[in-house]
Amino acid sequence: MTAPRLEFDLNKIHHNARTLVNRLALRGISVTGVTKATMGSPEIAGAMLQAGVRTLGDSRIKNIETMRGASLTGSMMLLRSPMISQASQVVRHADLSCNTEINVIKALSLAALEAQKKHEIVLMVELGDLREGIMPDTLLNTVDEVLRLPNINIKGIGANLACRCGVTPDSRNMAELSDLADAIEASFDLTLEMVSGGNSANLQWALNGAETRRVNDLRLGESILLGRETLHRQPISGLHTDAIKLTAEVIESKIKPSKPWGKIAQTAFGETGGLGDRGLITQNILAMGRQDVDPDGLQPPPGVKILGASSDHLMLEMMRRGHPVGSEVSFQPNYSALLYAMTSPFVMKSYGI
Ligand SMILES: *Cc1c(COP(=O)(O)O)cnc(C)c1O
């Protein structure tokens, strides 16, 4: 098989999704399966749906179009606030979208009217992480404005924490979200079907027995794909952390000095080398570089150390033994490495079971 390649074990991803769906069901929470790190892969999305995920979420309308094209059955949610320039694509392909700006919602309303469709929205609320969200004290005003717009239904509210600033979902901010849902229903003739509490960073809060109250949905990506919670990146018990691996081929295998020689200036990427002298080492070069992956997000196998990367090369120190030219080395990607590899046209994708 060609390399570099990203291999997905669909059975393991299905197991991870099913386990989280079951555990959260006991807490009254359903799962929106987030596909954005996989470019809306229909294979991954299909495995999530089979595992009991109700809704598929992706941040890009192009990925949602890909999943639509594969005739998947789930309802599809655009996670990132729509661009006004894409309003008609959004109402055509997504069943619902997350929103924070009234002018965007107006554009969606017009586009939905034109397409003779209803479009559902989730209003995202700012709870302190300072990425997207309507400030809580203006939420009721926004709801009031949205209710006047034709062909738009407010399906619920949501929040997103631990993305930009690492603000932790806890009983305080989740109670605030529940209170806001209650306040909206008390002020308007409206039932909020969905209160979407957050992402994989919410799992600790959701599963530790805290009162979940109105929160009845979580949008989960990384925990399903990589089997880890995202506050401290610890493995989640009972989940596979090795469902995805990235493999590259050895193109040079030599004994070399560990210390460069000559006058030392900047490297290709503006860093300074500055490696200590550890004598002779076994150095392997893989045909995989920054055009394929984020090298900082790779976990090498035991006995292998990543020395550096350029656009097209990954240099490894083999502590035990060198691999022959033509053989392969596999890594576990973190979320960042997965994103880079998935979006690189140079990396082949394979969906085994
Ligand atoms: C990416 C994203 C998620 C999923 O986050 P994970 O950490 O992968 O679970 C959830 N909600 C929104 C709005 C997102 O952008």
Side-chain angles (χ1 to χ4, degrees), residues 1-10 12-13 37-39 222 225-228 230 232-235 239-353:
M1 252 198 288
T2 179
R5 67 178 182 276
L6 199 50
E7 286 170 271
F8 295 87
D9 184 325
L10 292 180
K12 288 182 176 172
I13 289 168
T38 69
M39 281 180 83
E222 183 167 347
L225 297 171
L226 299 177
R228 290 173 189 270
T230 53
H232 309 287
R233 296 268 154 18
Q234 293 304 304
L239 263 58
H240 298 290
T241 55
D242 60 351
I244 303 174
K245 72 176 181 185
L246 180 63
T247 301
E249 185 174 326
V250 178
I251 54 169
E252 183 182 297
S253 181
K254 296 196 187 302
I255 310 287
K256 289 195 179 185
S258 51
K259 191 175 158 55
W261 65 90
K263 192 161 162 266
I264 307 291
Q266 285 190 357
T267 68
F269 286 87
E271 305 145 343
T272 44
L275 297 166
D277 190 355
R278 285 163 290 121
L280 288 177
I281 58 167
T282 304
Q283 179 178 295
N284 279 11
I285 299 181
L286 300 185
M288 174 167 77
R290 293 180 192 271
Q291 293 198 77
D292 310 288
V293 74
D294 170 12
D296 298 327
L298 292 176
Q299 191 190 313
V304 176
K305 197 169 121 194
I306 297 173
L307 297 174
S310 60
S311 318
D312 309 291
H313 302 78
L314 191 72
M315 275 62 68
L316 305 178
E317 177 175 349
M318 313 305 278
M319 323 291 260
R320 295 178 190 163
R321 60 184 168 81
H323 286 34
V325 168
S327 67
E328 294 183 334
V329 182
S330 293
F331 301 82
Q332 265 177 255
N334 71 7
Y335 197 73
S336 172
L338 171 62
L339 270 181
Y340 277 70
M342 193 68 210
T343 51
S344 170
F346 301 106
V347 178
M348 184 228 176
K349 284 86 188 176
S350 127
Y351 302 91
I353 35 167

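The CG atom of N334 sits 12.5 Å away from the CG atom of L225 when rounded to the nearest 0.5 Å. Atom CZ of residue R228 and atom OG1 of residue T230 lie 11.5 Å apart, to the nearest 0.5 angstrom. For the atom pair OG of S330 and CZ of R5, the computed distance is 6.5 Å after rounding to the nearest 0.5 Å. Taking CD1 of I244 as the start and CG of L226 as the end, the distance is 5.0 Å to the nearest 0.5 Å. Remark: K256 NZ to L307 CG distance equals 11.0 Å, nearest 0.5 Å. From E317, atom CD reaches atom CG of N284 across 10.5 Å, with rounding to the nearest 0.5 Å.
Every pair passing side-chain hydrogen bond (donor to acceptor under 3.5 Å, both in side chains) that includes a residue from residues 293-306 is listed here, sequence neighbours excluded: D294-S336.
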- Task: Show your reasoning for whether side chain to side chain donor-acceptor pair (under 3.5 Å) applies to Q291 and D312.
- Result: CA-CA 6 Å; Q291 293 198 77; D312 309 291; 2.9 Å; yes

- Message: Walk me through whether I255 and I281 qualify under side chain to side chain contact (heavy atoms under 4.5 Å, CB included).
- Response: CA-CA 6 Å; I255 310 287; I281 58 167; over 6 Å; no

- Task: Please step through side chain to side chain contact (heavy atoms under 4.5 Å, CB included) for the pair L314 and V293, ending with a clear verdict.
- Result: CA-CA 10 Å; L314 191 72; V293 74; 5.7 Å; no

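K259 places no side-chain N or O within donor-acceptor distance of the main-chain N or O of P257, the cut-off being under 3.5 Å.
Contact check for L246 versus M288: side-chain heavy atoms found under the 4.5 Å cut-off. T38 has its side chain out of reach of Y351: every pair of non-hydrogen atoms, C-beta onward, lies at least 4.5 Å apart. Inter-residue side-chain proximity for S253 and H323 is flagged as unmet; no heavy-atom pair is nearer than 4.5 Å.
Between K349 and S344 the shortest heavy-atom distance is NZ-O, 2.8 Å. When every heavy atom of S311 is checked against every heavy atom of D292, the shortest pair comes out as O-OD2, 4.3 Å. The two atoms that bring M319 and V304 nearest to each other are CG-N, 4.2 Å, heavy atoms only. Considering every non-hydrogen atom in both A243 and I13, the closest pair reads CB-CG1, 3.7 Å. Between T241 and P235, the shortest heavy-atom contact is CG2-CB, 3.9 Å. Heavy-atom minimum distance, S258 versus G276: OG-O, 3.9 Å.
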